Novice: 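Got a structure for you, questions after.
This structure is a prediction, so every number in the text was calculated from the model and none was measured.
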Amino acid sequence: DGVLYDTKNIILYACPMTGITDLNIKSSCSVILDGAFWGTSIKKVTLPNGFLAVGDYAFCQSSLESINFPKTLTYYGEQAFASTNLTEVTLPENAPYVQDGAFAGCLKLTSVIIPSSAKQIYSHAFSGDIAIKSFTCQGSTAPEIMPYNEDYDNPFYGIDTTVPVYVPKDSKQSYTDNGWSDALTITEGTNGVLKYVSSNPTDNSVINTSDGYASMAFKIVFDEPITIVKSNPDLFLRQHSMLLNNLVTPDNAWNATIGDNNKTLSIWGSDYDGYTCSFKPEDDTYYLVVPAGIVKNAAGDTNEQI
């Protein structure tokens, strides 16, 4: 239909300027290159599971009204969605950076949800989004607003300072310290974030391999009783980088169970017989990414991304 992919249908290069308003991206595609939909008449795009990255200016100044963000998406570039017709946005839960001008000039954008995984917000990210009525930040630690030189470089330039940014209970100070109160009005919610106290393995530990294999079993300890919200969570065991889809996956599924006085979350990958899988680690770095909302306490507070 005029959409240009590489010969393996992994990279999308370009979309015709007119004639296509609704597009399902091929299931094998993982990357949209810079400017691929720039200025086109596209209105709705459906990205497949396994999709990885959206390039700079990919949808800039297009007619885009709706797009999904798969859990596998880890990166979107500068002005990727700038000057589009998006109205509500929940940022990708596994993309840590909101790049320069990513959603700038979206004049119909009214609300933005920023997950606890967001770590850094760059200049102009939401600049000129004058219809914004609220931001909701789900992390207990404020995403860092990256340094900028002039007022017009502020990620929230042009947005009324009375616009609320809703943050978890007991986290207002973090957002104040990180400069959010200079641009928006910080409002704490009634629920906080359920924080963990330790994990096994611990951060930066060396994988224990007695026979060359490592168990796909992990434990996270909280200081109060917890209950399961998602028994088969969308975990990611990543090799080498947090931004690549070099995934180590169990044969069947990831499982979440409770043990040790109802305060320990056990996460394990199972085979089709219900046993714990193992994997053969290489001489590399591995990251276990535990999604938000797997467990909760009696007050209804859920965990953020770990």
Novice: Taking the six-membered ring of Y5 as reference, does the cationic atom of K26 (NZ for Lys, CZ for Arg) lie under 6.0 Å from its centre and within 45° of its axis?
Specialist: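 The answer is yes; both the distance and angle limits are met.
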
Novice: Kindly write out the residues that satisfy ring-ring contact (aromatic ring centres under 6.0 Å, His included) with Y157, not counting sequence neighbours, or none if the list is empty.
Specialist: none

Novice: Please determine, by modelled atom types, if T46 and N68 share a side-chain donor-acceptor pair under 3.5 angstrom.
Specialist: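 No, because no side-chain N or O of T46 sits under 3.5 Å from a partner of the opposite role on N68.
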
Novice: With a cut-off of 6.0 Å (strictly less than), are more than 12 heavy atoms of other residues, nucleotides or ligands near CG of D22?
Specialist: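 Counting neighbours around CG of D22, more than 12 heavy atoms of other residues, nucleotides or ligands fall under 6.0 Å, so yes.
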
Novice: Compare every heavy atom of E144 with every heavy atom of N178, then report the nearest pair and how far apart it is.
Specialist: OD1-CA, 4.2 Å

Novice: Can you check whether F218's main-chain N or O pairs, donor with acceptor, with S266's side chain at less than 3.5 Å?
Specialist: no

Novice: Checking side chain to side chain donor-acceptor pair (under 3.5 Å) for the pair E282/Q239: CA distance, chi angles, key distance, verdict?
Specialist: CA-CA 9 Å; E282 299 175 3; Q239 181 182 354; 3.0 Å; yes

Novice: Is it true that N85 and E65 share a donor-acceptor pair across their side chains at a distance under 3.5 Å?
Specialist: no

Novice: Can you spot which of Y13, F81, Y57 makes a ring-ring contact (aromatic ring centres under 6.0 Å, His included) with W38?
Specialist: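 So, applying the ring-ring contact (aromatic ring centres under 6.0 Å, His included) to W38 and each of Y13, F81, Y57, only Y57 qualifies.
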
Novice: Set out, in order, the CA-CA distance, both residues' side-chain angles and the distance that settles side chain to side chain donor-acceptor pair (under 3.5 Å) for D271 and N252, then state yes or no.
Specialist: CA-CA 5 Å; D271 61 20; N252 185 21; over 6 Å; no

Novice: Assess the side chains of H124 and D100: does a donor N or O sit below 3.5 Å from an acceptor N or O?
Specialist: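 D100 and H124 do have a side-chain donor-acceptor pair below 3.5 Å.
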
Novice: Working to the nearest 0.5 angstrom, can you tell me the gap between S30 OG and L73 CG?
Specialist: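 Between S30 OG and L73 CG, I get 10.5 Å after rounding to 0.5 Å.
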
Novice: Any side-chain donor-acceptor pair under 3.5 Å between Y148 and E150?
Specialist: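 Distance-only check fails for Y148 and E150.
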
Novice: Ignoring hydrogens, what is the shortest heavy-atom contact between I114 and P143? Give both atom names and the distance.
Specialist: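 Answer, listing the atom of I114 first, then P143: CG2-CG, 4.4 Å.
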
Novice: Apply salt bridge (charged side-chain N to carboxylate O under 4.0 Å, His left out) to K296 and list each qualifying residue two or more places apart in sequence or on a separate chain.
Specialist: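 Testing K296 for salt bridge (charged side-chain N to carboxylate O under 4.0 Å, His left out), a comparison that skips the adjacent residues, returns none.
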
Novice: Is the ring centre of F135 less than 6.0 Å from the ring centre of W180?
Specialist: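 Not close enough - the centres of the two rings lie 6.0 Å or further apart.
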
Novice: Say whether N94 and T74, considering side chains only, have a donor N or O and an acceptor N or O under 3.5 Å apart.
Specialist: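 Side chains of N94 and T74: no pair found under 3.5 Å.
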
Novice: Using the side-chain contact (heavy atoms from CB on, under 4.5 Å) definition, which of the options L12, T84, L64 pairs with F37?
Specialist: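 That would be L12; it is the only one of L12, T84, L64 passing the side-chain contact (heavy atoms from CB on, under 4.5 Å) with F37.
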
Novice: Are any side-chain N or O atoms of D34 and backbone N or O atoms of D56, one a donor and one an acceptor, separated by less than 3.5 Å?
Specialist: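 Confirmed, D34 side chain pairs with D56 backbone.
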
Novice: Take the angle between the ring planes of F103 and F126 and call it parallel below 30°, perpendicular above 60°, tilted in between.
Specialist: parallel

